[in-house]
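Here the structure is a predicted model, which is why all the values come from computation and not from measurement. In what follows, chains are A, B, ... by sequence order, proteins preceding strands, each numbered from 1.
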Amino acid sequence: MEKFLSQLNIEQQKVVQHTKGPVLVLAGAGSGKTRSVIYRAAYLINYQKVNPWNILIVTFTNKAARELLSRLEDTFGISVRSLWIGTFHSICTRILRYEQEHLPFTSNFSIYDESDQKSIFKKIYKELDIDPKKFAPGKVREIISRQKNSLILPKDFLEFNDANYYSETVLKIYKYYQNFLIRNNALDFDDLLMYTALLLHDHEEIRRKYEKKFKYVMIDEYQDTNYAQFKIINLIARNHQNLCVVGDDDQAIYSWRGADIRNILSFESDYKNVLKIKLEQNYRSPKSFLLAANCLIKNNSERHAKELWTALESQEKPELVKLENENREAEYVVRQISELRNKNISLNDCVVLYRTNAQSRVFENSFMQHQIRYQIVGGVNFYQRKEIKDILAYLRILVNPADSESFLRIINFPARGIGKVSIGRILDKAVSLQKNLLQTVLEKKFDYLPANAAANLRKFIDLLIEWQQLTRTLPVSELAKKVIKELRLIELYDNSKDPKDISRVENIQEFIAATEEFSEKYLEETGEEPKLDEYLQNISLQTDMDNLKEDEEAVKLMTMHNAKGLEFDHVFIVGLEDGLLPHARSIYDLNNVEEERRLFYVGITRARKTLKLTYARTRRTFDAVQTTFPSRFLSEIDDDLLKQQNEIFYELRAPRYKASDKSKKVVLENEKYFKIGQKIYHDKFGKGVILNVDGKGNDAKLTISFSDGKLKKIKGTYVKAGI
DNA sequence: TTAAGTATGCTTTTT
DNA sequence: GCATACTTAA
């Protein structure tokens, strides 16, 4: 035990040893927060002999949960099988699956993501005859989400919102939307939290059950919890008060998602006799980085006073670099990373952080051209890609027949001759029969459809029935493969002329691999095959971060939001301009500006060894080049803390791909193999140079840099060799 | 019913 | 500038 505790500083030891009563840990960036949480869990289990089954740990991401699990297992030899650890959303999903008899839906519910929501809203607007121009769907969705995060049901809506034409329309949509979800046996992300909170609130016996089960509760990143999350934890922990929350109000960056910074600021009044522990010693960054971060954050008004310090000796300073435009900015980063690589530094230790996902494109181009491997985290989630969602819709309808969203997605995909008109008639029929869509068509009486469509529909239904029977016997991954094979999806995209479809094939193949991997892991951990509904719900909660291929050496590119909780040796924060950071949408509201400042703070404090800050003098946004101004936050950092470099023009050209002698010869149309560096011509995109060849023969996948600077992946059969 | 061609609107950040 | 939605022709 001595040895166990000696690996922590005095403050961290306090966190670990105070296991009874409420504990508030204000943990600055890089202060060993995760370490404290892990040691605390290990202490409870190994020294206080608490049953892992009685511990609940909530993390911010699935990835963090997995890391915690593996460290508990590997370092402390703890059997983690019965430990409850995960994000709020995954833990709520688990609880809701158990408690279906007290809920208005069953445990095989579908989880709808934002694009599902979007399409549902469209239907609702049509149904209720609401003008999307007057009631912007995105905004309405946000308001409704906010209500759910605050546990305001439709029936309570007017208590908390002024009654006027706008809010009454929103209420109408809210009501209809919730109804729609229940009819489809579906929940959105906010519902997962809301129904769990209501379940615990409305059923005292269930609340007691979980209060008894979760005798010790720990929450990470507490500053980014919303009211529903606060309530869930409060209902579980308010009696025993064995609750340890860890967070940093200076790193609260999710208020736009309903997170309420007051949860952490008022923790001391929410619970009795709170022990407050501050972790201010930073083990991550050079002194000057922390000074710069402190300079910045002290401009915020509402915060727990705290200042980071370090015992590290490094004299490294953050470097501020001004570039001509966004392309130069990308080239600068590429150049720096090339130099690091020459010093034998792994690409895995480098990260590029930006404010918006759209900024990644320029970097992608530059990295590709200089053949530096990179991985983008975020943007469009893997499981939200069209080709993957189509497959998932087939699987979803098999476990949740009420899921009309999935049904409509696949009824005529791949095209099977059931058109808009026919689908409209089925919808009408379903309404008049008061049944869901699948039930309606299962009767196979199609007097309301043209003969053609009716025949096609019968085939479709038979297919679904056949597959549904297979769900009982076939493992998830086999079923997925069968669906893909029998629908001939890979062939569909392989034979397409659209260059986009090449990556679709890749994604489908990756999906199969991911599904197999999931099954194997699940089998290993639980000794049984995953159930299809569980698999689908799990996948719905996956983020891009969870799909990171750790074994592959690549520079990571991500938003500062995504970087929370991570650290890297070499950090590049790019696009430090007013309008980007702080974002143009945030500059008119002081609270929003403060949140943007915290975001920058998060970015700076990720760095372990070097930190480069860049901004561009001009930047192309959508179609026009705009002159930009350096971020207002930069002037808040004392000049002598920064190493400044202005107006660097790196004459950095793409390495010239000299066409080899062989390919200089006139290459025949039927030339079999493509080579890197070879010049080609494409009917639509014009001249280009091959940067990468994937596969053999003339249908290999080519990565081509076209003369206008664009990169495209195109199948060999669509390009002409030689010019 | 589908494919190709044209118009639109959109970009903050995510479980 | 891109992706999606809608229109038009076959």
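Contact check of residues 140-151 of chain A against DNA chain B (heavy atom, cut-off under 4.0 Å) returns no residues at all.
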Solution key, residues 136-146 of chain A side-chain donor-acceptor pairs under 3.5 Å, sequence neighbours excluded:
residue, atom, partner, partner atom, Å
A:R141, NH2, A:E114, OE2, 2.9
A:S145, OG, A:D190, OD2, 2.9

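For A:D116 and A:K389, the salt-bridge test passes: some basic side-chain N is under 4.0 Å from an acidic carboxylate O. With salt bridges taken as basic N to acidic carboxylate O contacts below 4.0 Å, one links A:E405 and A:K123. Between A:R396 and A:D533, none of the side-chain N atoms (NZ, or NE/NH1/NH2) sits under 4.0 Å from a carboxylate O, so this pair counts as no salt bridge. By the 4.0 Å N-to-carboxylate-O rule, A:K148 lies close enough to A:D188 to be salt-bridged with it.
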Anything under 3.5 Å between a protein N or O and an N or O of nucleotides 5-7 of chain C, put it in a table, one pair a line.
residue, atom, partner, partner atom, Å
C:dA5, OP1, A:K122, NZ, 3.4

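Taking atom CZ of residue A:R504 and atom P of nucleotide C:dA3, one finds them 10 Å apart after rounding to whole Å. Rounded to an integer number of Å, the gap from CG of A:D589 to C1' of B:dT13 is 15 Å. Remark: P of B:dT15 and NZ of A:K63 are 12 Å apart, rounded to the nearest angstrom. Summarising the geometry, the separation between CZ on A:F413 and C1' on B:dT1 is reported as 16 Å, rounded to the nearest angstrom. The CG-P distance, from A:N357 to C:dC2, rounds to 17 Å in whole Å. Regarding A:R361, its CZ atom lies at a distance of 8 Å from the P atom of C:dG1, rounded to whole Å. Distance NE2 (A:H561) to C1' (B:dT13): 4 Å, rounded to an integer number of Å. Separating the CG atom of A:L96 from the P atom of B:dT15 is a distance of 19 Å, rounded to the nearest angstrom.
When distances are taken from the side chain of A:F189 to each of B:dT12, B:dT1, B:dT15, the shortest belongs to B:dT15.
OP1 and OP2 of B:dT13 both lie 4.0 Å or more from every side-chain N or O belonging to A:N562. A sub-4.0 Å separation between OP1 or OP2 of B:dT12 and a side-chain N or O of A:S586 is absent.
Stacking between A:W256 and the base of B:dT13 is present: ring centres sit under 5.5 Å apart and the planes differ by under 30 degrees.
Shown here are the side-chain hydrogen bond (donor to acceptor under 3.5 Å, both in side chains) partners of A:T61, two or more places apart in sequence or in another chain: there are none. In this structure A:Y535 satisfies the ring pair (Phe, Tyr, Trp, His ring centres under 6.0 Å) test together with A:F518, sequence neighbours excluded. Residues satisfying the salt bridge (Lys or Arg N to Asp or Glu O under 4.0 Å) test with A:R303, not counting sequence neighbours, are A:D250.
In the interface, the side chain of A:R585 is not paired with the base of B:dT12 through any donor and acceptor atom under 3.5 Å apart.
Mapped onto DNA chain B by nearest heavy atom, A:I418 and A:T543 fall at different nucleotides, with A:I418 at the one closer to the 5' end.
Comparing B:dT11 with C:dC6, their P atoms sit 16 Å apart, to the nearest whole Å.
For the atom pair CE of A:M194 and CD of A:Q147, the computed distance is 10.5 Å after rounding to the nearest 0.5 Å.
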